[in-house]
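Written below as structure tokens is the structure these notes are about.
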Amino acid sequence: QVQLVESGGGLVQAGGSLRLSCAASGLPYRFSTYTMGWFRQAPGKERTFVAAISWSGGTPSYAGSVKGRFTLSRDNAKNTVYLQMNSLKPEDTAVYYCAANQRGVVAGTTNMYDYWGQGTQVTVSS
């Protein structure tokens, strides 16, 4: 069974930082062959793209709303991706989801991803 398990969410004041982790297991192929992405969803809102990194190890792609504040990285030896979130704002409050695909491209749409985690809550207070 494929599992993507997010961790690191919590409550933080505006301007603070959090580091999210996503640990993958049970993938049918090597973790290093998967594009990994992060999405988020606020209550009553659609799930939207945050960031993604290619299996090829290229430069990550970021949504305009988080560029310059969030940093995505991966550690293939640990089957884990990380999302370092700095200068957090109240509008960053959402459930954050980790996702994986093996299409070989960085994608910002949910239908391009095959596997999803259960999400971790991030709440930023003002």
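Just so you know, these numbers come straight off a predicted model, no measurement behind them.
- Arg103 places a side-chain N or O within donor-acceptor distance of the main-chain N or O of Met112, the cut-off being under 3.5 Å.
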N/O donor-acceptor pairs under 3.5 Å from side chains in residues 33-40, not counting sequence neighbours:
{"from": "Thr33", "atom 1": "OG1", "to": "Arg30", "atom 2": "O", "distance (Å)": "2.7"}
{"from": "Tyr34", "atom 1": "OH", "to": "Tyr29", "atom 2": "N", "distance (Å)": "3.4"}
{"from": "Thr35", "atom 1": "OG1", "to": "Val105", "atom 2": "O", "distance (Å)": "3.2"}
{"from": "Arg40", "atom 1": "NH1", "to": "Asp92", "atom 2": "OD1", "distance (Å)": "2.9"}
{"from": "Arg40", "atom 1": "NH1", "to": "Tyr96", "atom 2": "OH", "distance (Å)": "2.8"}
{"from": "Arg40", "atom 1": "NH2", "to": "Ser65", "atom 2": "OG", "distance (Å)": "3.4"}

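- For Gln118, the CD atom is loosely surrounded, since the number of other residues' heavy atoms within 6.0 Å does not exceed 12.
- Rounded to the nearest 0.5 angstrom, Lys89 NZ and Ser126 OG are separated by 14.0 Å.
- Val106 and Val81 fall into different hydrophobic clusters, where Ile, Leu, Val, Met, Phe, Trp and Tyr residues are linked whenever their side-chain heavy atoms come under 4.5 Å apart, directly or through other members.
- In this structure Gln121 satisfies the side-chain contact (heavy atoms from CB on, under 4.5 Å) test together with Thr93, Val95, Thr123, sequence neighbours excluded.
- The main-chain N or O of Glu6 is never found under 3.5 Å from a side-chain atom of Tyr97 such that the two would form a donor-acceptor pair.
- For the pair Tyr115 and Leu4, the tightest heavy-atom approach, listed with the atom from each and the gap, is O-CD2, 3.9 Å.
- Annotation: the span from Lys67 atom NZ to Ser61 atom OG amounts to 6.5 Å, rounded to 0.5 Å.
- Checking side-chain atoms of Thr120 against main-chain N and O of Gly9 turns up a donor-acceptor pair under 3.5 Å.
- Cluster membership check: Tyr82 does not share its hydrophobic cluster with Val122, using side-chain heavy-atom separations under 4.5 Å among Ile, Leu, Val, Met, Phe, Trp and Tyr.
- Note on residues 9-22: no pairs pass salt bridge (Lys or Arg N to Asp or Glu O under 4.0 Å), not counting sequence neighbours.
- Considering CZ of Arg74 and CG of Asn79, their distance stands at 9.0 Å, rounded to 0.5 Å.
- Looking at Pro60 and Phe70, their side chains never come closer than 4.5 Å, going by heavy atoms from C-beta outward.
- The minimum heavy-atom distance between Ala107 and Tyr113, with the atom names listed, is O-OH, 2.6 Å.
- For Tyr62 (side chain) and Leu72 (main-chain N/O), a donor-acceptor pair under 3.5 Å exists by modelled atom type.
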